[in-house]
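Have a look at the structure below before the remarks.
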2 protein chains.
Amino acid sequence: MGDVFKALADPTRRTILDELQERDGQTLFELCSRLVMRHGVGSTRQAVSQHLDVLEDAGLVSRRREGRYTFLHLDTAPLRAITERWPTTDPPEGPP
Amino acid sequence: MGDVFKALADPTRRTILDELQERDGQTLFELCSRLVMRHGVGSTRQAVSQHLDVLEDAGLVSRRREGRYTFLHLDTAPLRAITERWPTTDPPEGPP
DNA sequence: AGCATGGGCAAGTGCTCACTTGCCTGTCAA
DNA sequence: TTGACAGGCAAGTGAGCACTTGCCCATGCT
């Protein structure tokens, strides 16, 4: 359970989640390219892969192998446990 | 914004939030005592205080000075930004 | 005034973590 | 079959973080 929080603690990993949410099912190379192009993240392929390991352990990302490619999929389900653990008093309805 | 995630990454800090949610407005000594008694957290006073610094920077805890005492208050508002950033597809209605 | 209590401030230490470097495996095209 | 491509598997390194130790300041009671 604490893996989810540790996974979200790194800004690069949060950017990966952002990118996968915008375009799900990317391959590792495509993800690396888009991280450089659109988010200015200059990490190497191995660094991104290690981030994906952490995200996979947290249950936030799943790898789907298909032939030569490995497609990455986002799963935001573990995030629900956060707001369920410390429920907010006032609802998300925005004030005036 | 990333401060919230870094604050939640540590298990001791999450326990502090749990304890403050159960009993809001504690003082530092009371919090330390209850962390030892009820959660088995054996950190020193300074360690807990440094955790409170992190939680305060993240906006999750506020310190209210009153005479010789400093009361600690929980604020779960920053947690809402998490589920708003990566909205879940299926609602929290649990399956069978 | 004088001392105990509640708490802050700062330096030092060990461990974790993000990132790099290098090499190795499996898949497709020519 | 051989080469290029997509990706994994380590080991090593530097920075950040959690925690401790020691000292200092303010408040309140006697």
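All chains are named by letter (A, B, ...) in the order of the sequence lines, taking the proteins before the strands, and each is independently numbered beginning at 1. Just so it is clear, the structure is predicted and the values come from calculations on it, not from any experiment.
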* Please give, in whole Å, the distance from dA6(D) P to Phe71(A) CZ? -> 11 Å

* Asked: With a 4.5 Å limit on heavy-atom distance, are the side chains of Trp86(A) and Asp18(B) in contact?
  -> yes

* Asked: So do Thr70(A) and Leu28(A) actually touch side chain to side chain, heavy atoms under 4.5 Å?
  -> no

Below 3.5 Å between N/O atoms, which protein atoms pair up with nucleotides 13-21 of chain D? Just atom names and distances, please.
residue	atom	partner	partner atom	Å
dC17(D)	OP1	Lys6(B)	NZ	2.9
dA18(D)	OP1	Arg13(B)	NH1	3.2
dA18(D)	OP1	Arg13(B)	NH2	2.5
dC19(D)	OP2	His51(B)	NE2	2.2
dT20(D)	OP2	Thr44(B)	N	3.4
dT20(D)	OP2	Thr44(B)	OG1	2.9
dT20(D)	O4	Gln50(B)	NE2	3.1

* Measure from CD on Glu66(B) to C1' on dG7(C) and round the result to the nearest Å. => 15 Å

* To do: Let me know, please, whether Arg68(A) or Arg65(A) comes out on the 5' side of the other along DNA chain D by nearest nucleotide.
  => Arg68(A)

* Asked: How far does CZ of Arg14(A) sit from CD of Glu19(A), to the nearest 0.5 angstrom?
  -> 15.5 Å

* Structure fact -> note: Leu72(B), atom CG; dG6(C), atom C1'; distance rounded to Å ~ 12 Å

* Just wondering, do Leu8(A) and Leu17(A) contact through their side chains at under 4.5 Å, heavy atoms? -> yes

* Return the value, rounded to whole Å, for the distance between atom OH of Tyr69(A) and atom P of dC5(D). => 11 Å

* Report yes if some heavy atom in the side chain of His39(B) is under 4.5 Å from a heavy atom in the side chain of Thr12(B); otherwise report no. => no

* **Residues from residues 22-39 of chain B lying under 4.0 Å of DNA chain D - heavy atoms** => none

* Asked: Can you check whether Leu60(A) reaches Leu79(A) side chain to side chain, under 4.5 Å on heavy atoms?
  -> yes

* pair Lys6(B)-Val54(B): side-chain heavy atoms closer than 4.5 Å -> no

* **For atom CG of Leu55(A) and atom C1' of dC17(C), their distance in whole Å** => 14 Å

* **Quiz item: Arg45(B) side-chain donor-acceptor pair to dG7(C) base, under 3.5 Å** => yes

* Can you tell me if the side-chain N/O atoms of Arg63(A) get under 4.0 Å from OP1 or OP2 in dG8(D)? -> yes

* To do: Check whether any side-chain heavy atom of Arg63(B) lies under 4.5 Å from a side-chain heavy atom of Asp53(B), and answer yes or no.
  => yes

* Check whether any side-chain heavy atom of Leu31(B) sits under 4.5 Å from a side-chain heavy atom of Arg23(B), and report yes or no. => no

